[in-house]
Number of protein chains: 2
Amino acid sequence: MLSKRAKYAIKTILFLFENKDIVPVSAKYISEKENIPYKFLENILRDLRTHQVVKSTRGPVGGYSLAKDPNDITVTQLMRIIDGPVALIPCVSEKFYEACGECEDEETCRIRKLFFELRSEMVGVLNKSIVELSNL
Amino acid sequence: MLSKRAKYAIKTILFLFENKDIVPVSAKYISEKENIPYKFLENILRDLRTHQVVKSTRGPVGGYSLAKDPNDITVTQLMRIIDGPVALIPCVSEKFYEACGECEDEETCRIRKLFFELRSEMVGVLNKSIVELSNL
DNA sequence: TCATTACCCTACAAAAATTATAGGGAAATT
DNA sequence: AATTTCCCTATAATTTTTGTAGGGTAATGA
């Protein structure tokens, strides 16, 4: 399952992209327009800022805007920042690998092989930029 | 993430298939061989029996065996029995559809479109039978 | 028949992850 | 200086996951 956090993050980035004429946009505004709990959103935005997907400015006319070319922001990136691995089991994760400690030999584990293939296919679909997502 | 329950279920079915010469196999035996907590496994087996993936016989020489042709048991089936939807968001689930209640219009929701495509690809990979899984 | 083995069933509990909420501090603008 | 908005830590409520406990029921074999 995609977490609400991740879904909110994707919606937020899409929102910033599609409202680039009025950026920076305050968290409060995004929160109201996208129906995301304000404090929860702030927390998500902090993660996105830490990972330099978003940049912020303070003060009365402050808010958030994209920190880079929307063509360079992908859905996989956002999912990894917010939820961690895209893979369904950690032993086939590209960015968050962990041994499962169950199988004798990773190289011959059939479940691993299947979910390795699955992860590849998933990344193939999810490696879309925000621009591409916007045009779907 | 794939739950442990689902992973245990897949391992159990694979085990029953690959040990068809000694079936029925007791839950205790599977539990020991596959390192699955006994009572937890019983619970999983109950679900699998309810869904007629597995059949059981009681008494001292009893145990579990596959209830149908292993070519007709797929990984998606097992995941759906144990974890529910394969889809990462409920509004694109084939078998467990639920409205998200967030977007104005499902037909035009871009996130939905993306995760619909994702689910299709996932099912494409996961619709492998136990026989195919065994041969990976 | 009777002890043993193994499935069957309900309820509950511990742990982890998810989804927030609370309360205030710091910077920028007017 | 007052207002707005980002910034940060801590904690609480809820749900899901992962198991445990305890006993009942059917079949076998001595």
Side-chain angles (χ1 to χ4, degrees), chain A residues 1-9 11-12 16 22-32 34-65 67 79 81-85 88-90 96 98 100-102, chain B residues 1-9 11-12 16 22-32 34-65 67 79 81-85 88-90 96 98 100-102:
Chain A
M1 270 296 206
L2 187 76
S3 70
K4 286 211 169 193
R5 261 178 79 83
K7 193 174 182 185
Y8 290 160
K11 290 178 81 173
T12 296
L16 288 178
I22 56 165
V23 295
V25 179
S26 74
K28 186 173 173 238
Y29 187 74
I30 301 171
S31 158
E32 284 163 0
E34 295 290 339
N35 276 294
I36 304 172
Y38 175 68
K39 286 290 192 178
F40 198 38
L41 176 61
E42 271 198 320
N43 195 269
I44 293 165
L45 283 164
R46 187 167 171 262
D47 274 1
L48 294 175
R49 189 180 54 81
T50 300
H51 289 85
Q52 322 199 344
V53 174
V54 133
K55 63 188 170 193
S56 58
T57 54
R58 304 215 252 198
V61 293
Y64 295 88
S65 52
M79 288 176 65
I81 289 169
I82 303 296
D83 281 352
L88 261 45
I89 51 179
F96 300 86
E98 274 179 63
C100 76
E102 285 180 40
Chain B
M1 271 296 207
L2 188 74
S3 71
K4 286 212 168 194
R5 263 178 78 82
K7 192 173 182 187
Y8 290 160
K11 290 178 81 173
T12 295
L16 287 177
I22 57 166
V23 294
V25 179
S26 73
K28 186 174 173 236
Y29 187 75
I30 301 170
S31 158
E32 285 164 358
E34 295 289 341
N35 277 293
I36 304 171
Y38 174 67
K39 286 290 193 179
F40 198 37
L41 177 61
E42 271 197 321
N43 194 268
I44 294 165
L45 283 165
R46 185 166 173 264
D47 274 0
L48 295 175
R49 189 179 55 80
T50 300
H51 289 84
Q52 321 198 346
V53 174
V54 132
K55 62 187 171 194
S56 58
T57 55
R58 301 216 255 196
V61 294
Y64 295 89
S65 51
M79 288 176 65
I81 290 169
I82 302 297
D83 281 350
L88 293 197
I89 51 179
F96 301 87
E98 275 178 63
C100 76
E102 285 179 40

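What's counted below: heavy atoms across the whole structure, side chains too, no hydrogens, waters or symmetry copies. Chain naming here is simple, since letters A, B, ... match the order of the sequence lines and numbering starts at 1 in each.
Separating the CZ atom of B/Arg46 from the P atom of D/dG19 is a distance of 19 Å, rounded to the nearest angstrom. Whole-Å rounding puts the B/Asn35 CG to D/dG19 P distance at 11 Å. Atom OH in A/Tyr64 sits about 17 Å away from atom P in D/dT4, given to the nearest Å. Regarding B/Arg49, its CZ atom lies at a distance of 18 Å from the P atom of C/dA6, rounded to whole Å. Rounding to whole angstrom units, CD1 of residue B/Ile44 and P of C/dC9 are separated by 16 Å.
Taking OG1 from A/Thr12 and CD1 from A/Ile36, the interatomic distance works out to 4.0 Å, rounded to the nearest 0.5 Å. A distance of 9.0 Å separates NZ of A/Lys4 from SG of B/Cys100, quoted to the nearest 0.5 Å. In this structure, the separation between OG on A/Ser3 and CG on B/Leu88 is 10.5 Å, given to the nearest 0.5 Å.
Looking at B/Leu16 and B/Ile30, their side chains come closer than 4.5 Å, going by heavy atoms from C-beta outward. Here the side chains of A/Asp47 and A/Val53 are not in contact, with every heavy-atom distance at 4.5 Å or above. Counting only heavy atoms from C-beta outward, the side chains of A/Asn35 and B/Glu102 never approach each other to under 4.5 Å.
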Between N or O atoms, less than 3.5 Å apart, protein on one side and nucleotides 17-22 of chain C on the other: list the pairs.
| unit_1 | atom_1 | unit_2 | atom_2 | d |
| --- | --- | --- | --- | --- |
| C/dT19 | OP1 | A/Lys4 | N | 3.4 |
| C/dT19 | OP2 | A/Lys4 | N | 3.1 |
| C/dA20 | OP2 | A/Tyr8 | OH | 3.3 |

Under 3.5 Å, which N/O atoms of the protein pair with N/O atoms of nucleotides 25-30 of chain C?
| unit_1 | atom_1 | unit_2 | atom_2 | d |
| --- | --- | --- | --- | --- |
| C/dA27 | O4' | A/Arg58 | NE | 3.3 |
| C/dA27 | O4' | A/Arg58 | NH2 | 3.1 |

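Between B/Ser31 and B/Pro37, the closest heavy-atom pair is OG-C, 4.3 Å.
Dashed line: the shortest gap from a side-chain N or O of B/Ser26 to OP1 or OP2 of C/dT5 is not under 4.0 Å.
Shown here are the side chain to side chain donor-acceptor pair (under 3.5 Å) partners of A/Tyr38, two or more places apart in sequence or in another chain: A/Glu42.
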